[in-house]
Engineer: 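This structure is in structure tokens; I'll ask about it shortly.
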Protein chains: 2
Amino acid sequence: MNQPKTDPRIQRTRKLIMDSFMELSGKKEFKDITITDIAAEAMINRATFYYHFEDIYDLLEKVLSEVLLVNLDCSNYQHKELNEEVITSIFVAITNFQQSLSNRCHRGYEDTIARNIREQLEIIFYKMLLKPHPTEEDEGLKITAVILSWGIYGASVEWKRKSNEITPEEFIQLALPHLLPRDNGV
Amino acid sequence: MNQPKTDPRIQRTRKLIMDSFMELSGKKEFKDITITDIAAEAMINRATFYYHFEDIYDLLEKVLSEVLLVNLDCSNYQHKELNEEVITSIFVAITNFQQSLSNRCHRGYEDTIARNIREQLEIIFYKMLLKPHPTEEDEGLKITAVILSWGIYGASVEWKRKSNEITPEEFIQLALPHLLPRDNGV
DNA sequence: ATCAAGGTGTTGCATAAGCGACAAAATCCA
DNA sequence: TGGATTTTGTCGCTTATGCAACACCTTGAT
């Protein structure tokens, strides 16, 4: 219910760091962004960065997951289980996300982003697969999440090449009947 | 030369507070702006406000002087003494300042702003009058500063009524020959 | 008149943020 | 290759900020 209320200074500083990172991402490639840069842009001390993040990859991961989660509009998947409607909305979210990011970022960045998006998808799918099976810690569910995450992410890459011919919704729904042939029950 | 380098947290927080105040000024009248409002908007604790400012009038004063100083482009008056060119640039600066502020602020605000602008002008004029007379703490110079500040401020009020007929530069320069009839020396 | 609600300043204590310094690693460049 | 420069993590100590609580004051409704 009420988690212990994170200190407002923490919220503010984390936001400053994340915003600065996204701002810098528009000017430099990822490999050229240093923690010193970020601290200067965010007007915080470099040591403070390490108070909030392990390193720059940790920051990247958290920025991606946070922005992605916002795009996914939590209510859509937190309360439901995995079905056609949810997959469609997730697919639309990540294609939107990638497009908004590719406007904002330089080249050399995409691979890192791609890996992180897929990892986030894997986490999300696993949680949703777990919904109807709350008790069992099935290895099979983990593997399924891996496959789905790779599959959906790959689909988004493929869709980009045809983005002027077809909408994300149409695109993913061409495949859904083949992916989820069974009833929505178990 | 190098003053003791104010803590970056102080700079950041003061900026947050001042920006929030200007932001709120665009939405509410001055009398309706509370310190609680400002703290919320600035995402700082209310107690922190009192760490930086006496009260809301202290804040107003410092916002005005700071913005006004920026408009005056310090180099213009810090190194020179009072002459026609300087008075003209000051006059232009405060008319610009007032116009940009009247766009931003609601009614009921102007009197407070006016009083503060005049007080700032008085300080500035006194400093400049002191330049050629660095030693003497003349009461006469203080009174002169009072008169000039009221005069220049009143001129800016008067100019507003004719702002579509004449530029600030032209307006003030109509009066300058009568104000400063003597040579620019003592 | 009375009460409730909200804003104001202030305080003591807990904690995040700044600073300087440091060694280690990475990067640059001659 | 080597040496210089920059970046990275990390550390103790200081300082600014958050928080809860308080008394006091205004405002407005009953």
Side-chain angles (χ1 to χ4, degrees), chain A residues 1-25 27-63 66 106-109 111-112 116, chain B residues 1-63 66 106 108-109 111-112 116:
Chain A
M1 291 300 163
N2 49 354
Q3 56 254 29
K5 270 184 187 174
T6 72
D7 191 312
R9 288 171 286 183
I10 292 184
Q11 302 180 42
R12 197 196 313 135
T13 301
R14 287 175 61 99
K15 178 163 165 37
L16 281 173
I17 292 175
M18 289 188 170
D19 287 350
S20 302
F21 176 68
M22 293 182 65
E23 176 68 22
L24 286 175
S25 296
K27 303 177 186 169
K28 296 183 180 189
E29 301 186 22
F30 176 73
K31 69 176 174 52
D32 293 331
I33 298 177
T34 71
I35 292 172
T36 306
D37 289 338
I38 296 170
E41 172 84 21
M43 295 196 300
I44 55 126
N45 192 275
R46 193 168 55 83
T48 304
F49 176 92
Y50 295 101
Y51 187 90
H52 298 276
F53 303 96
E54 282 283 328
D55 51 30
I56 202 170
Y57 300 99
D58 183 35
L59 169 61
L60 172 63
E61 186 178 319
K62 283 171 180 161
V63 167
E66 191 147 308
H106 270 89
R107 288 138 299 287
Y109 207 115
D111 287 350
T112 318
N116 278 276
Chain B
M1 288 300 164
N2 49 354
Q3 56 254 29
K5 271 183 185 174
T6 73
D7 191 312
R9 287 172 288 183
I10 293 185
Q11 302 180 41
R12 197 198 312 135
T13 300
R14 288 176 61 99
K15 179 163 165 38
L16 281 173
I17 292 175
M18 290 188 170
D19 287 350
S20 302
F21 176 69
M22 295 181 63
E23 176 68 22
L24 287 175
S25 297
K27 302 177 184 167
K28 295 182 179 188
E29 301 186 22
F30 176 73
K31 68 175 175 52
D32 293 331
I33 297 177
T34 72
I35 292 173
T36 306
D37 288 338
I38 296 171
E41 172 84 21
M43 293 195 303
I44 55 128
N45 192 275
R46 194 169 55 84
T48 305
F49 176 93
Y50 294 99
Y51 187 89
H52 297 276
F53 303 97
E54 282 284 327
D55 51 30
I56 201 170
Y57 300 99
D58 183 36
L59 170 61
L60 173 62
E61 186 178 319
K62 282 171 179 161
V63 167
E66 191 147 308
H106 271 87
Y109 207 115
D111 289 349
T112 318
N116 278 276

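Because the structure is a prediction, the values reported are computed rather than measured.
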Engineer: For B:Y50 and A:M43, take the nucleotide of DNA chain C holding the closest heavy atom to each; which residue's nucleotide lies nearer the 5' end?
Structural biologist: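 Looking at the nearest nucleotide for each, B:Y50 comes out on the 5' side.
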Engineer: Closer to the 5' end of DNA chain D via nearest nucleotide, is it A:I56 or B:H52?
Structural biologist: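 So the residue in question is A:I56.
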Engineer: Using a heavy-atom cut-off of 4.0 Å across all strands, would you classify B:R12 as base, sugar-phosphate, or nothing?
Structural biologist: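 Contact class for B:R12: sugar-phosphate only.
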Engineer: Would you mind reporting whether B:V63 and B:M22 have side-chain heavy atoms less than 4.5 Å apart?
Structural biologist: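 Touching, per the 4.5 Å side-chain cut-off.
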Engineer: Please tell me which of A:Q11 and B:D55 maps to the more 5' nucleotide of DNA chain C, matching each residue to the nucleotide holding its nearest heavy atom.
Structural biologist: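 Whichever sits nearer the 5' end wins; that is B:D55.
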Engineer: With DNA chain D as reference, determine whether A:F49 or A:P8 sits nearer its 5' end, using the nearest nucleotide of each.
Structural biologist: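 The 5'-side residue here is A:F49.
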Engineer: With the side chain counted from C-beta on, respond yes when B:R14 and B:K62 share a heavy-atom pair under 4.5 Å apart, and no when they do not.
Structural biologist: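 SC-SC contact between B:R14 and B:K62 confirmed.
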Engineer: Reading DNA chain C from 5' to 3', where do the contacts with chain A start and stop? Cut-off is 4.0 Å to heavy atoms.
Structural biologist: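 Result: C:dT15 to C:dA21.
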Engineer: Can you check the A:D7 CG to D:dT17 P distance for me, whole Å?
Structural biologist: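 Whole-Å distance recorded here is 13 Å.
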Engineer: State, yes or no, whether a side-chain contact exists between B:R9 and A:R9 at a heavy-atom distance under 4.5 Å.
Structural biologist: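 Side chain of B:R9 against side chain of A:R9, heavy atoms only: no contact under 4.5 Å found.
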Engineer: Pairs under 3.5 angstrom, nitrogen or oxygen only, protein versus nucleotides 25-29 of chain D, please.
Structural biologist:
none

Engineer: Quick check: closest heavy atoms across A:R46 and A:A39, and the distance to 0.1 Å?
Structural biologist: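 Scanning both residues completely, I find the closest heavy atoms to be CA-CB, 3.8 Å.
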Engineer: From D:dT8, D:dT17, D:dC11, pick the nucleotide closest to the side chain of A:R46?
Structural biologist: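 Closest of the options to the side chain of A:R46: D:dT8.
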Engineer: Please determine whether any donor N or O and acceptor N or O are separated by less than 3.5 Å between the side chain of A:R9 and the base of D:dT17.
Structural biologist: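 Checked by distance alone, the answer is yes.
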Engineer: Starting the side chain at C-beta, find the nucleotide from D:dC19, D:dT17, D:dT7 nearest to A:T36.
Structural biologist: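 My answer, after comparing the listed nucleotides, is D:dT7.
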Engineer: Side chains of B:S25 and B:I33: closer than 4.5 Å at any heavy-atom pair?
Structural biologist: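 SC-SC contact between B:S25 and B:I33 confirmed.
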Engineer: So do A:Q11 and B:M43 actually touch side chain to side chain, heavy atoms under 4.5 Å?
Structural biologist: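 A side-chain contact is absent here, since even the closest heavy-atom pair is not under 4.5 Å.
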Engineer: Any side-chain N or O of B:N45 below 4.0 angstrom from OP1/OP2 of D:dT17?
Structural biologist: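 The answer is no; no side-chain N or O of B:N45 sits under 4.0 Å from OP1 or OP2.
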Engineer: Answer yes or no: is there a side-chain heavy-atom contact under 4.5 Å between B:D37 and B:K28?
Structural biologist: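 The answer is yes; the side chains approach within 4.5 Å.
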Engineer: Which pair of non-hydrogen atoms, one from B:D58 and one from B:D55, has the smallest distance, and what is that distance?
Structural biologist: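 Heavy-atom minimum between the residues: N-OD1, 2.9 Å.
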Engineer: Side chains of B:F49 and B:L59: does their closest heavy-atom pair fall under 4.5 Å?
Structural biologist: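 When only atoms from C-beta onward are counted, B:L59 and B:F49 do touch, with a gap below 4.5 Å.
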